[in-house]
A.B. asks: 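Mind looking over this structure? Questions follow.
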Amino acid sequence: MTSITEHYNYSAVPDQAYQVCTRCIMNTAADRSISFDDMGLCSHCQRYDRLVSARRLQGEQGREALRALVERIKAAGRGREYDCIVGVSGGVDSTYVAWLVKQHGLRPLAVHFDNGWNSELATRNIELVLRNLGIDLHTHVVDWEEFRDLQLAFLKASTPDGEIPTDHAIGALLWKQAASRGIRYIISGMNFATESISVPEWSYGHSDWRFIKDIHRRFGTVKLKTYPHFSLFYLFYANILRGTRIVSILNYVDYDKGKAMALLSSQLGWKGYGGKHHESIYTRFYQGYILPRKFGVDKRYGHLSDLINAGQISRADALAEMQRPPYPEELQQQDLAYVAKKLRLSTEQFADIMGAPVKSFRDYRNLYGVVQFLRNTVNALRKRHLYPR
């Protein structure tokens with residue numbers, strides 16, 4: 001039997017002159033589209049410096065803006081059972097959001113997308129935290145056969161976008177729960193301080209239903225009858241006609257991930273996972289095993305660089321972290337066996353997936369140009385204060 005380890009693809013990144021940023025740890029191997037100024041500062045750090053004052057409100061400015069936002073949310077939800085929705089995964093960002101909205105007197109409904117890959121710790125964290133905070137929970141359990149088929153389709157498509165089936169469905173679930181319950185505000189755990197770096201080649205398609213459909217059309221076998229999804233037209237309807245807003249509330253506070261974890265642990269009994277998004281077994285395996293070994297992508301470069309820019313970790317500590325494996329090798333092997341069994345893949349089939357030529361979202365039908373235009377339009381409106389941050 002062929003060993004899976006013989007099929008790793010370490011040639012996803014072509015040979016090029018290596019350069020690393022003088023501030024963060026992003027480099028030409030991690031991001032082929034990166035550029036540098038004369039001082040060696042990378043394009044990601046330059047973008048951070050350009051946008052941070054508009055995207056991240058700190059101190060008294062943030063507190064005043066947050067008080068005004070809370071009043072708008074309360075006014076919009078007056079007379080309803082809930083005035084906002086928070087998506088919860090069990091991770092630190094979404095859990096801290098749940099704690100924060102309760103601290104400000106809001107009446108949230110927690111919404112969780114159960115895609116079949118929750119770790120036991122994630123389930124425990126969600127149940128314990130929401131019970132301690134007194135927050136109601138709505139859980140959507142995905143049709144496993146449909147979802148398994150879509151995840152397999154993305155693996156066979158051989159792009160680094162394998163988490164899109166989950167990310168897109170979460171977005172769809174939040175939008176449609178808000179619409180069905182007459183709720184105008186969705187409170188997001190996204191934040192500029194720790195999630196500012198975006199590399200399209202690492203992952204694309206969160207809002208692109210055409211891209212998702214084309215991959216499933218080519219590689220899927222099960223009809224997607226119940227899978228939560230949305231189109232760009234639906235986003236137009238939800239945002240413009242219904243006036244639903246996604247608010248990144250962590251941009252209004254001095255958000256420090258380490259301090260947040262300590263607070264959640266001491267006050268709510270929350271426990272950490274050892275890595276970003278490791279509350280999901282599949283995400284842990286995909287980001288820590290498949291992406292580095294097949295695509296030459298290690299998202300820790302972006303995650304740690306964000307923390308450097310936010311002043312929450314030193315560059316030396318980030319470089320030291322990159323010398324360690326994404327997560328323990330023994331657990332990687334356990335996850336490999338578990339994921340292959342759950343997806344019903346033989347050793348040979350998984351090896352074929354790992355050894356298949358690397359492709360990009362550009363090899364499939366997509367709405368990349370439209371999505372970029374809409375994102376730039378929203379950003380322009382945000383600068384004019386027509387949308388809440």
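Starting from 1, each residue takes its place in the sequence as its number.
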A.B. asks: In terms of relative ring orientation, are Tyr227 and Trp209 parallel, tilted or perpendicular, with 30° and 60° separating the classes?
C.D. replies: parallel

A.B. asks: Any salt bridge (Lys or Arg N to Asp or Glu O under 4.0 Å) involving residues 57-69? Give me the pairs, sequence neighbours left out, ordered by first then second residue.
C.D. replies: Glu60-Arg63, Glu60-Arg67

A.B. asks: Ring-plane angle category for Tyr289 and Phe285, please: parallel below 30°, perpendicular beyond 60°, tilted otherwise.
C.D. replies: parallel

A.B. asks: Quick test of your reading of the model: are Lys299 and Glu163 salt-bridged, counting only N-O distances below 4.0 Å?
C.D. replies: no

A.B. asks: Around atom NZ of Lys176, are there more than 12 heavy atoms of other residues, nucleotides or ligands at under 6.0 Å?
C.D. replies: yes

A.B. asks: What pairs of donor and acceptor atoms, side-chain ones from residues 104-116 against any protein atom, are under 3.5 angstrom apart with sequence neighbours left out?
C.D. replies:
| unit_1 | atom_1 | unit_2 | atom_2 | d |
| --- | --- | --- | --- | --- |
| His104 | ND1 | Leu100 | O | 3.0 |
| Arg107 | NH1 | Arg80 | O | 2.6 |
| Arg107 | NH1 | Glu81 | O | 2.8 |
| Arg107 | NH2 | Gly77 | O | 3.1 |
| His112 | ND1 | Val88 | O | 2.8 |
| His112 | NE2 | Asn118 | ND2 | 2.9 |
| Asp114 | OD1 | Gly116 | N | 3.0 |
| Asn115 | OD1 | Trp117 | N | 3.0 |
| Asn115 | ND2 | Thr166 | OG1 | 2.9 |

A.B. asks: Could you pull out all residues at least two apart from Lys341 that satisfy side-chain contact (heavy atoms from CB on, under 4.5 Å)?
C.D. replies: none

A.B. asks: Rounded to the nearest 0.5 Å, what's the gap from CZ on Phe211 to CG on Asp363? Could you check?
C.D. replies: 9.5 Å

A.B. asks: Answer yes or no: are there more than 12 heavy-atom neighbours, outside Gln103 itself, under 6.0 Å from its atom CD?
C.D. replies: yes

A.B. asks: Is it true that Arg210 and Asp208 have a side-chain N and a carboxylate O under 4.0 angstrom from each other?
C.D. replies: no

A.B. asks: Sub-3.5 Å donor-acceptor pair from the side chain of His168 to the main-chain atoms of His206, do we have one?
C.D. replies: yes

A.B. asks: For the atom pair CD1 (Ile249) and CD1 (Ile73), what is the distance rounded to the nearest 0.5 Å?
C.D. replies: 6.0 Å

A.B. asks: Could you check whether His44 and Asp31, counting side-chain N and O atoms only, form a donor-acceptor pair closer than 3.5 Å?
C.D. replies: yes

A.B. asks: Considering only NZ, NE, NH1 and NH2 on the basic side and carboxylate oxygens on the acidic side, decide whether Arg218 and Asp214 come within less than 4.0 Å.
C.D. replies: yes

A.B. asks: Can you tell whether the side chains of Lys257 and Asp93 come within less than 4.0 Å, N to carboxylate O?
C.D. replies: yes

